[in-house]
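Before any comments, here is the structure.
Predicted model, so just to flag it, every value in this text is computed and none were measured.
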Amino acid sequence: EPAAVNVAGSVNRGYFGGGHNGSSGVSEIDGIQFSDESAINPAAVLAVARYYLAGVSSSTRGYFGGGNGPSSEIDGIQFSDESAVNPAAVLAVDRSALAGVASSTRGYFGGGTTGSRSAEIDGIQFSDESAINPSATLSVARNFLAGVNSSTRGYWGGGDALGGDTSEIDGLQFSDESAINPSATLSVARYGLAGVQSQGNGAVATVTFTGAAVQITAADLTSAAAATATFTGQGVQIAPADLTSTATASLTTTGEATGA
């Protein structure tokens with residue numbers, strides 16, 4: 001059966017965790033440097049070697065959940081120093097072949113198999129790494145599905161459902177953790193797929209400035225969630241890195257000739 005892609009991402013790097021090497025599950029974490037597309041291989045490894053797991057990311061850490069067994073494990077990597085992390089939180093339901101989506105505050109793991117196909121949605125609270133278990137479930141129980149998210153909703157697509165491959169797209173409203181089931185479906189029913197999204201987590205950038213000679217470029221508003229900047233004064237210059245964030249970046253600059 002096809003393995004899912006399990007990825008966690010910072011602003012600068014993408015990390016792939018776990019998998020199967022042909023003989024057993026592995027604990028490897030490796031990846032790619034976005035700036036020059038070079039390979040990276042941190043010393044950190046997963047706490048539990050496994051495959052058929054899923055990944056979600058906060059602004060500071062990447063988490064890998066579930067896996068073969070099935071497993072309830074959640075472990076991961078600290079982006080700042082690429083050290084391994086292993087929160088006490090575990091999934092509410094042990095399962096493999098699941099998929100992850102993330103809001104700015106929580107990571108959610110949906111679907112998978114416990115031995116039978118699951119509609120479960122559970123996950124992790126980023127702020128304190130506690131386990132969460134919303135009442136919402138997928139509209140269609142399935143495994144080997146994929147996840148994507150906007151800033152307000154997470155969507156799970158495709159998968160192996162009872163009766164065969166599915167084109168289903170369902171998901172979760174982040175604000176109240178209610179289940180959603182859009183009318184949209186995949187063009188081709190399939191399982192063992194993977195998802196990517198544009199604009200990180202659906203970026204929203206807000207800039208308020210007062211004064212003259214404020215210089216800002218499109219790159220300054222690159223964000224995977226929300227960037228807020230307030231400028232007051234003359235000759236304020238902001239560099240792109242000042243507003244680059246995977247969660248919330250807030251920058252307040254007051255005065256004259258303030259450079260970044």
Side-chain angles (χ1 to χ4, degrees), residues 1-69 71 73-87 96-102 104 107 109 124 126 129 144-149 154 157-158 190-203 218-225 227 239-247 249:
E1 292 181 321
V5 174
N6 320 296
V7 62
S10 71
V11 173
N12 303 312
R13 292 183 161 193
Y15 301 90
F16 299 91
H20 197 279
N21 62 10
S23 59
S24 64
V26 300
S27 59
E28 177 69 19
I29 299 175
D30 50 16
I32 186 168
Q33 175 74 35
F34 294 148
S35 60
D36 61 5
E37 295 184 336
S38 59
I40 58 172
N41 193 10
V45 295
L46 299 181
V48 178
R50 61 203 195 277
Y51 53 97
Y52 295 158
L53 64 167
V56 298
S57 299
S58 75
S59 61
T60 58
R61 290 182 165 191
Y63 301 93
F64 301 94
N68 68 296
S71 173
E73 177 68 21
I74 299 176
D75 49 14
I77 186 167
Q78 173 76 33
F79 295 147
S80 59
D81 60 4
E82 294 188 328
S83 59
V85 297
N86 193 11
S96 64
L98 66 174
V101 303
S104 61
F109 297 94
I124 185 167
F126 294 148
E129 294 187 329
F144 294 108
L145 65 170
V148 297
N149 53 263
R190 60 202 192 274
Y191 75 104
L193 67 170
V196 299
Q197 68 228 9
S198 65
Q199 308 246 341
N201 288 334
D220 296 333
L221 299 181
T222 299
S223 169
D242 294 334
L243 294 181
T244 300
S245 169
T246 56

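Residues passing the side chain to side chain donor-acceptor pair (under 3.5 Å) test with Asn41: none are found, sequence neighbours excluded. With sequence neighbours left out, Ser80 forms a side chain to side chain donor-acceptor pair (under 3.5 Å) with Gln78. With sequence neighbours excluded, the residues satisfying side-chain contact (heavy atoms from CB on, under 4.5 Å) with Val45 are Ser27.
Residues Ser83 and Ala44 approach most closely at C-CB, 3.9 Å, considering heavy atoms. Considering all non-hydrogen atoms of both residues, Asn21 and Val26 come closest at ND2-CG1, 3.5 Å. Between Ser96 and Gly67 the shortest heavy-atom distance is CB-O, 3.1 Å. The shortest non-hydrogen separation linking Leu145 to Gly158 is CB-O, 3.4 Å. Closest approach of Pro87 and Tyr63 over heavy atoms only: CG-CE2, 3.8 Å. In plain terms, the two heavy atoms of Ala102 and Ser57 that are nearest each other are CB-O, 3.7 Å.
Inter-residue side-chain proximity for Leu46 and Glu73 is flagged as unmet; no heavy-atom pair is nearer than 4.5 Å.
Between Phe64 atom CZ and Asn86 atom CG the span is 12.5 Å, to the nearest 0.5 Å. One finds the CG atom of Asn68 at 8.5 Å from the OH atom of Tyr52 (value rounded to the nearest 0.5 Å).
Using a 30° and 60° split on the angle between ring planes, Tyr15 and Phe79 fall in the parallel class, below 30°.
Within the structure, the salt bridge (Lys or Arg N to Asp or Glu O under 4.0 Å) test picks out the following pairs touching residues 33-59 (sequence neighbours left out): Arg50-Asp75.
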